[in-house]
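Working notes for the structure below.
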Amino acid sequence: MNSLPKRIIKETERLVKEPAPGISATPNEENLRYFNVVITGPVDSPFQGNVSHHKSGGVFNLELFLTDDYPMSAPKVRFLTKIYHPNIDKLGRICLDILKDKWSPALQIRTVLLSIQALLSAPNPDDPLANDVAEHWKSNEKDAIQTAKEWTRLYAA
Amino acid sequence: MSFYRERMSSGLDIKNEELYGGVGDGGVVGFHCFSCWNITSKMSEDEIYDDYDVDDDSAEESGNESADNEEMDYEYSTQEIDFDDIHSSNRSIGKLTRQKSFEVLDRSELVSESRKLIKEVMDVLSIPSEAAVSILLRHMKWNKEKLIERFMDNQDKLCSDAGIPNLRLDKAVDKSLQKFSCLICLEDFPPSQTFALSCDHRYCLACWKLYLECKIGEGPECIYSTCPAPKCKVKVHEDAFKKLIESVAYEKYSNFILKSYVDDNPQVKWCPAPGCVYSVRCDRKERKEAVTCKCGFQYCFNCNDSEIGDHMPCPCSQVDKWLQKASDESENVTWMLANTKKCPECRSPIEKNGGCMHMTCRKNAGGCGFEFCWLCRGPWSDHGSATGGYYNCNKYDKSKAKEDDEKANDAKTELEAYMFYYHRYESHKNAMKIADEQRRNAHQKEQQILSKFDVRSADTKFLMEATEQLLRNRRVLQYSYVYGYYLDKKSNERNLFEYLQEDLEKHTNQLSTYYELSLDKLDDYQAFIKWKEQVTNYTRITKKFLDHFVEGVAGGLTGSHHNN
Ligand SMILES: [Zn+2]
Ligand SMILES: [Zn+2]
Ligand SMILES: [Zn+2]
Ligand SMILES: [Zn+2]
Ligand SMILES: [Zn+2]
Ligand SMILES: [Zn+2]
């Protein structure tokens, strides 16, 4: 595992050179398999943050780790910023099929992060990880979105 | 040897008097059917002896003693035990036990069986690709009829559901391509070093290899691996595996295919013995008799469990209930097991390391010298043939049970009864494990005999036979206490059952005692021969008793064999 596979080097180069909109991923200097990730809450989602303050929109920190098996096994990703979302639990773990059984070695870090960004736009309370949040979402969506906005303001500023 | 015959015949007499309450006029010989315990056939004295003869030698030696056994000539009262409910299923167990309806398969037989099935489907459906049919069969859980039906019904749907939308399984490479960029390793390759299934998701050979070996590492599900492309449902077929991975890994993969062939097939199961590679096919669903694997393990095909093994005479459901109960009562059981490890007289700790139930509280280890029975914890002097045989170890105290009749539902009484049966169940189970160890050490003992007594190696064969017999007897005795526990406490069947069980148990214990005799105690060749004869004869006697027990219980439970 000492030498970094070419694929990881190439992916990293591209992530830095042509970052996807609203997403940044920076490898840790001491461990090139560990990335600090920042995802900006998508527009028109409860994770967008305060629209009037353009720069202070919802900013979510994540960590991403590539195991020795990567790309045969999925990267490990976790939210570090607290977030009120039916598919993300208290520990920041994410319920996303491509991070589990639907992982394909032809997917990349970029596709994973884009999928997570999409999950913020489209929460799926029918496939929940955080059951109480999902319950809230299903029983009173308006109220749940309000709480999500509140959390975004409190924690993701 | 004549001694045994005497013991046995007199044993029968005592019992039959007790059971049937009547002694006939001696003119006619009656004999009960071992299956249902109705008196059904008239047997001559000779026939009875045929049944009990230990071997031809002993028949000669003891031939002059038949006159002593005239009391065998009873005509039993016409009293019939009502087994109507039991007979209702009317199955001929006597016949079934002799019918071999199972088959042990080794790996190559499994391979050829599964290949044969694939070939049949290829022929019927005119599919030229073996790999494609293999995928279809696995998709349909190896059910050939269902596969053919579905295929006829809607070929396209079946194939795409199964993950082979195109029966041309691989996509040929476009020769005009100059170079190809692999989306997994992000490197460039000449097209010749790439591969794609029918979906044309092309990757380099190195990535394919890594991907498939990774899947194999994840376990049996690897046989359903799909193309590595995101969300692509096309299945990776056998030939692709063969072509893309190392042969060691492919071997593993083929074993998983065989495993699915067995696992998905209700008529074939792996032998549950640890480390055994054989599987067993059994066509009859509710087979009651044990199957015997080529590894030597005998077990119930339905339960298919190495710990349970052969649970004759209990039905599977009873074993289930019993094991559940044992786990529910585990606290009480632990307490009881700790308690039985003490001398009943002086409470010194007792270590049981043989299969024999005759225990001595060792004086040289600070004990009192009390000799007692491990099963009932009563004095050993009350046991065994030498004393004329008062033997009650296998019966739950009936006089006490009568006294306590009103309290019959009392939980304490119930627990006590359970403990009674559990202790005996456990004791025989442990004795069986010890016999199993002895089987492994028998070779050593044989060598010792060969060097000490200067005999032929054929003269030590009896040891192995005795070990096997002990194993079988202990196994049956073990489960006989499960059976006994669930048997109606007051039924006539119970008397008969306990009677058969008693015979089997005491003779098995006697065999254990002889069998475990230390070689140091045999001074010379004569002593060895005498010992050998004792063990040999008891092996045969207990075999007889075992057969009678098993037949008796099987017949009494499920039907008669009056047609034979
Ligand atoms: Zn590649
Ligand atoms: Zn594909
Ligand atoms: Zn076996
Ligand atoms: Zn069974
Ligand atoms: Zn003692
Ligand atoms: Zn006893």
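Chain naming here is simple, since letters A, B, ... match the order of the sequence lines and numbering starts at 1 in each.
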**Prompt:** For A:Asp97, is it the side chain, the backbone, both, or neither that has a heavy atom closer than 4.5 Å to a heavy atom of chain B?
**Reply:** side chain

**Asked** Any donor-acceptor pair under 3.5 Å linking the side chain of A:Lys6 with the backbone of B:Cys185?
**Response** no

Does [X] [atom1] have over 12 foreign heavy atoms under 6.0 Å away?
| X | atom1 | answer |
| --- | --- | --- |
| B:Lys116 | NZ | no |
| B:Lys269 | NZ | yes |
| A:Arg7 | CZ | yes |
| B:Arg168 | CZ | no |
| B:Lys325 | NZ | yes |

**Candidate pair A:Lys10 and B:Glu187, rule side chain to side chain contact (heavy atoms under 4.5 Å, CB included), full reasoning** = CA-CA 10 Å; A:Lys10 283 190 180 168; B:Glu187 293 185 54; 4.2 Å; yes

**Asked** Which one of A:Pro105, A:Ser73, A:Pro71 has the most heavy-atom pairs closer than 4.5 Å to chain B?
**Response** A:Pro105

**Message:** If I take atom CG from residue B:Leu186 and atom CD1 from residue A:Ile9, how far apart are they, to the nearest 0.5 angstrom?
**Reply:** 11.0 Å

**Rounded distance (nearest 0.5 Å) linking atom CG of B:Leu183 with atom CD of A:Gln108** = 7.5 Å

**Request:** Could you point out which residue of B:Cys227, B:Cys232, B:Pro230 forms a side chain to side chain contact (heavy atoms under 4.5 Å, CB included) with A:Ser104?
**Result:** B:Pro230

